[in-house]
Amino acid sequence: KAGVTQTPRYLIKTRGQQVTLSCSPISGHRSVSWYQQTPGQGLQFLFEYFSETQRNKGNFPGRFSGRQFSNSRSEMNVSTLELGDSALYLCASSPEGRVRTDTQYFGPGTRLTVL
Amino acid sequence: AQSVTQLGSHVSVSEGALVLLRCNYSSSVPPYLFWYVQYPNQGLQLLLKYTSAATLVKGINGFEAEFKKSETSFHLTKPSAHMSDAAEYFCAVRTESGYALNFGKGTSLLVTP
């Protein structure tokens with residue numbers, strides 16, 4: 001099976017702009033989670049989607065949003081970008097997402113740089 | 001809340017030496033623990049996971065980890081380090097709700113010739 005794919009891999013934006021990142025999960029997986037990775041804060045959970053519904057959200061401002069489509073593909077959007085949003089954004093998919101033994105399979109990430 | 005602490009942000013070993021990366025957890029419920037590895041400019045790859053079936057868990061690339069409830073630890077080991085093991089290693093615990101993983105700060109492993 002193909003792994004989790006994320007597009008684009010690299011992105012450069014300026015402050016105040018908005019950005020949309022895309023994630024295609026492993027075929028058959030219905031849960032998609034997003035994480036932000038920065039040198040200072042490490043890996044932090046953003047949100048998780050299952051069957052087009054957001055089931056859980058991390059402690060991030062409302063500028064961060066996402067959605068999931070009927071084919072399980074997911075997008076996340078960041079509006080009014082700030083310098084601190086520069087990070088590696090990782091998408092992870094799992095079969096159901098709520099089974100605590102489920103493995104989350106990660107994509108290669110999108111490196112966002114905000115200037 | 002479930003959390004993990006990785007002791008040592010940088011670990012350096014010689015090629016062929018034992019690798020030991022430390023992870024301690026805090027959890028109010030039986031924990032489900034994971035070790036991931038991240039190579040430069042890549043995502044995270046699962047090394048192994050503890051799901052309460054066995055306390056000694058074997059993973060990929062010769063890594064294993066032992067769950068010790070009395071010590072609240074889940075340390076990662078490999079008997080003999082290879083140059084290709086140089087990477088960032090993350091310990092993680094599943095949240096009580098099951099939706100997310102809480103990660104440690106990571107340990108950067110350097111392998112010297």
Side-chain angles (χ1 to χ4, degrees), chain A residues 3-7 9-10 21 23-26 30-51 53-60 66 68 87-111 113, chain B residues 1-10 23 25 27-55 57-60 65 67 74 87-108:
Chain A
V4 178
T5 58
Q6 293 186 246
T7 56
R9 290 292 311 276
Y10 301 91
L21 313 181
C23 171
S24 293
I26 292 171
R30 299 198 293 165
S31 168
V32 173
S33 298
W34 289 89
Y35 293 82
Q36 181 196 64
Q37 184 178 22
T38 59
Q41 299 299 317
L43 281 150
Q44 294 185 285
F45 172 72
L46 278 157
F47 29 63
E48 187 256 359
Y49 287 86
F50 179 83
S51 292
T53 301
Q54 185 182 93
R55 290 198 300 193
N56 201 24
K57 188 174 174 10
N59 189 25
F60 278 83
Q68 186 181 34
L88 181 67
Y89 289 89
L90 293 163
C91 169
S93 78
S94 59
E96 297 290 333
R98 193 176 181 181
V99 177
R100 296 184 70 218
T101 56
D102 261 1
T103 296
Q104 291 194 354
Y105 297 89
F106 284 81
T110 293
R111 172 77 62 186
T113 302
Chain B
Q2 285 69 34
S3 65
V4 291
T5 301
Q6 292 184 242
L7 302 175
S9 58
H10 294 84
C23 174
Y25 69 88
S27 179
S28 56
V29 298
Y32 292 98
L33 298 158
F34 303 78
W35 274 101
Y36 284 87
V37 62
Q38 185 177 35
Y39 298 99
N41 298 315
Q42 294 187 28
L44 279 68
Q45 180 183 11
L46 180 72
L47 284 173
L48 49 82
K49 64 180 181 181
Y50 169 72
T51 60
S52 77
T55 57
V57 182
K58 294 188 182 299
I60 64 171
F67 175 77
F74 189 57
E88 189 87 12
Y89 291 79
F90 293 92
C91 181
V93 62
R94 203 63 185 257
T95 59
E96 190 171 344
S97 69
Y99 296 126
L101 293 170
N102 284 337
F103 285 88
K105 292 293 188 183
T107 297
S108 179

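Not measured: the values here are computed from a predicted model. Residue numbers begin at 1 in each chain, while the letters A, B, ... track the order of the sequences.
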Seminar exercise, completed: Separation between CG (Asp102(A)) and CG (Leu101(B)), nearest 0.5 Å, reads 10.0 Å
Exercise. What closest approach, in Å, do Glu48(A) and Tyr99(B) show between heavy atoms, and which atom pair accounts for it?
Worked result: OE1-CD2, 3.6 Å
Problem set entry | Interface moiety of Val93(B) toward chain A, non-hydrogen atoms closer than 4.5 Å | neither
Exercise. What's the shortest heavy-atom distance between Gln38(B) and Leu88(A), and which atoms?
Worked result: NE2-CD2, 3.7 Å
Exercise. For Gln37(A), is it the side chain, the backbone, both, or neither that has a heavy atom closer than 4.5 Å to a heavy atom of chain B?
Worked result: side chain
Exercise. Side chains of Thr101(A) and Arg94(B): does their closest heavy-atom pair fall under 4.5 Å?
Worked result: no
Exercise. Can you find a pair of side-chain heavy atoms, one from Leu44(B) and one from Leu43(A), that are under 4.5 Å apart?
Worked result: yes
Exercise. Which region of Tyr35(A), side chain (C-beta onward) or backbone (N, CA, C, O), has a non-hydrogen atom less than 4.5 Å from a non-hydrogen atom of chain B, or is it both or neither?
Worked result: side chain
Exercise. By a 4.5 Å heavy-atom criterion (distance strictly below it), what part of Thr95(B) contacts chain A: side chain, backbone, both, or neither?
Worked result: backbone
Problem set entry | Segment of Leu46(B) engaging chain A (4.5 angstrom heavy-atom cut-off) | side chain
For this session: For each of Gly107(A), Cys91(A), Pro108(A), Gly3(A), tally heavy-atom pairs with chain B at distances under 4.5 Å, and name the one with the top tally.
Result: Pro108(A)
Exercise. Given that the side chain runs from C-beta out, which part of Thr103(A) has a heavy atom under 4.5 Å from chain B: side chain, backbone, both or neither?
Worked result: both
For this session: Check Arg9(A) against Asn41(B) and note the closest heavy-atom contact, atom names and distance.
Result: NH2-O, 3.2 Å
For this session: Please report the C-alpha distance between Phe45(A) and Phe103(B) in whole Å, then the side-chain angles of each, then the deciding distance to 0.1 Å, and finally whether the ring pair (Phe, Tyr, Trp, His ring centres under 6.0 Å) criterion is met.
Result: CA-CA 9 Å; Phe45(A) 172 72; Phe103(B) 285 88; over 10 Å; no
Exercise. Checking Tyr50(B) against chain A: side chain, backbone, both or neither under 4.5 Å from a heavy atom?
Worked result: neither
For this session: State the OH-CD distance between Tyr36(B) and Gln104(A), to the nearest 0.5 angstrom.
Result: 5.5 Å
